[in-house]
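The structure appears below as structure tokens.
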Amino acid sequence: MKTLEIGEITEKYNDYAIQMRRQFHRYPESAGQEFKTCRMICEELQRMGLEPHIICDTGVTVDIGERSRSGHTACIRADIDGLQVQEETGASYASEHEGYMHACGHDAHIAMALTAARILKDREEELNGSVRVIFQPAEETACGARQMIAAGALDQVDTIYGTHVWSGIPAGMFSAEAGSRMASADFFTITIRGKGAHGSMPNKGIDPIAAAAAVIQNVQVSFSREFSPLETALVSFCQIHGGNTDNAIPDTVTIGGTTRAFLPRIRDQFPEIMNRVIRETAAAFRAEACLDYRLGASPLLNDKGASDRAIRAVRRLFGEDAVIEKPHDTGGEDFAEYLKMVPGVFVFLGIENPKEGSVYPNHSSHFAIDESILIKGAAAAVQYCLDFLEEGNDGIF
């Protein structure tokens, strides 16, 4: 089985990985608006002699090698959107788009995927099959993966590999456990309609604010009483709007929030429970209520065979101690949608290094990474694909 020589890979591609990360860091774009990012990715791939394809307006796919050699295609995915965060890192390559920042590491994901593509292109004649690299928009809104799948990004793909740089894990360490890794991430808006009245005469109206307070409390209680305390069933109310003065009861209140679960069967029950509790609670106050429940990312479940393969690849490249265990996380990630379609693995790559100022959590305005991890992330993705193309599905999935 072919194993990359990490010293050679580092010497040849490390500077490129860092250059790409800093280049894309300068130009973060919000979900669905990654037009400059898309253009820059295509230009880089074309410089490698590859033929990228734009799908979903700002998404990019590119194939390397020949599937006919083994009948197999492995896939590497990177997400490409930035966040509406004002950067405060002070870096020389800080965001040039006011009010936007690559505060979740998607610039690093782009850089690692481009570096992986370059490594694979240089070894194209050796590939026992093909590798597809996906650059996906709109991860932060949890809709990009489904759009890419619908557009054919996974057609003929047999396995998929994704990486996320992660604060809280020492720089250069990998976590790739099988099973539950991240929670579902769905979103909702509750609208409660009453009847406005003067604050001094609440009996003349129907108070949607009082109903909203009861709805919040009752939904929370229902989640704690209708699910086992041993299973995660999380609901968080994150915004509430109603009224515009201190002496008038409004007609309407809206409440927004999110739900999280690690198990699909738990997640599937949320809309029915919330609908029932919301409607009946509001009715007790003579108000009317409706729920707009929006599916986001599914629970992220790593395939056992793919996880084992990723762990073996990392240990062969960087040693036994390069793999650590990380508890699953209630954050959401729409890579889960790919894993519902094909076996694969989502790998967390640590970035924490106080000497490099990489100590802030993802989504912080001070978020930074230890750039020495970029070449490691790219090499691990390539090794996973090489191993899959040599082994295929036999005895693994």
Side-chain angles (χ1 to χ4, degrees), residues 17-45 52 54-61 76-117 133-148 153 162-167 182 185 187 258 296-297 331-337 346 348-349 351 356-371 373-374 377-378:
I18 294 173
Q19 175 194 346
M20 287 298 100
R21 186 257 164 168
R22 294 184 178 189
Q23 176 176 309
F24 283 94
H25 188 86
R26 292 179 183 271
Y27 307 110
E29 296 173 293
S30 60
Q33 301 299 313
E34 310 93 340
F35 295 102
K36 182 179 179 68
T37 303
C38 172
R39 185 173 69 252
M40 291 165 61
I41 290 169
C42 289
E43 289 170 353
E44 280 302 318
L45 294 170
I54 297 175
I55 61 174
C56 302
D57 295 329
T58 55
V60 180
T61 66
I76 298 168
R77 175 270 204 171
D79 40 10
I80 68 173
D81 49 330
L83 287 163
Q84 195 167 345
V85 171
Q86 180 62 45
E87 181 163 358
E88 297 182 283
T89 64
S92 60
Y93 49 87
S95 170
E96 295 182 18
H97 288 173
E98 185 73 16
Y100 292 89
M101 177 187 176
H102 270 300
C104 199
H106 295 189
D107 53 338
H109 302 168
I110 299 168
M112 289 187 289
L114 284 171
T115 305
V133 186
I134 291 175
F135 298 87
Q136 178 212 303
E139 185 280 325
E140 294 292 351
T141 55
C143 64
R146 285 195 295 270
Q147 294 170 354
M148 294 288 280
T163 308
H164 205 305
V165 294
W166 206 253
S167 58
M182 300 190 82
F187 305 92
T258 185
E333 162 62 67
D334 75 353
F335 188 83
E337 306 309 316
F346 193 64
F348 294 97
L349 174 55
I351 58 170
E356 297 294 328
S358 182
V359 295
Y360 296 97
N362 298 62
H363 288 219
S364 165
S365 61
H366 296 278
F367 180 78
I369 71 167
D370 178 345
E371 293 178 319
I373 60 91
L374 295 170

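Each residue takes its place number in the sequence, starting with 1. In this text the structure is predicted, and so the values were computed from the model without any measurement.
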Could you tell me if the side chain of [Y] sits less than 4.5 Å from the side chain of [X], heavy atoms only?
X	Y	answer
N362	C104	yes
H109	F24	no
T89	M101	yes
Q136	F335	no
L374	T115	no
E356	E371	no
I54	C38	yes
M20	M112	no

Worksheet item: Yes or no on salt bridge (Lys or Arg N to Asp or Glu O under 4.0 Å) for R39 and E29, after CA distance, side-chain angles and deciding distance?
Response: CA-CA 12 Å; R39 185 173 69 252; E29 296 173 293; over 6 Å; no

Which value, rounded to the nearest 0.5 Å, describes the distance between [X] atom [atom1] and [Y] atom [atom2]?
X	Y	atom1	atom2	answer
E333	F346	CD	CZ	3.5 Å
Y27	D107	OH	CG	13.5 Å
I80	I41	CD1	CD1	4.5 Å
S365	L83	OG	CG	11.5 Å
D79	I134	CG	CD1	11.5 Å

Considering all heavy atoms, the nearest [X]-[Y] contact:
X	Y	value
V133	A113	CG1-CB, 4.0 Å
Y360	S167	O-CB, 3.4 Å
A368	G357	CB-O, 4.0 Å
A31	D81	CB-OD2, 3.6 Å
T163	L349	CG2-CB, 3.9 Å
D334	C143	OD2-N, 3.8 Å

Practice prompt. Give the ring-plane orientation class for H25 versus H102, where under 30° counts as parallel, over 60° as perpendicular and anything between as tilted.
Written response: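 If you compare the ring of H25 with that of H102, the planes turn out tilted.
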
Discussion item. Among residues at least two apart in sequence or on other chains, which ones pass side-chain contact (heavy atoms from CB on, under 4.5 Å) with S30?
Written reply: Q33, Y100

[X] side chain vs [Y] backbone, donor-acceptor pair below 3.5 Å:
X	Y	result
S358	I351	yes
E34	G32	yes
Q86	G99	yes
R146	G296	yes
H106	G82	no
E139	A78	no

Worksheet entry | Residue E98 excluded, over 12 heavy atoms near CD under 6.0 Å | no

Practice prompt. State which residue, out of Q19, R21, R26, fulfils the side chain to side chain donor-acceptor pair (under 3.5 Å) condition with Y93.
Written response: R21

Practice prompt. List the steps, then state whether side-chain contact (heavy atoms from CB on, under 4.5 Å) holds for L45 with F135.
Written response: CA-CA 11 Å; L45 294 170; F135 298 87; 4.0 Å; yes

Practice prompt. Take T61 and I55 through the side-chain contact (heavy atoms from CB on, under 4.5 Å) test and state the conclusion after the steps.
Written response: CA-CA 8 Å; T61 66; I55 61 174; 3.8 Å; yes

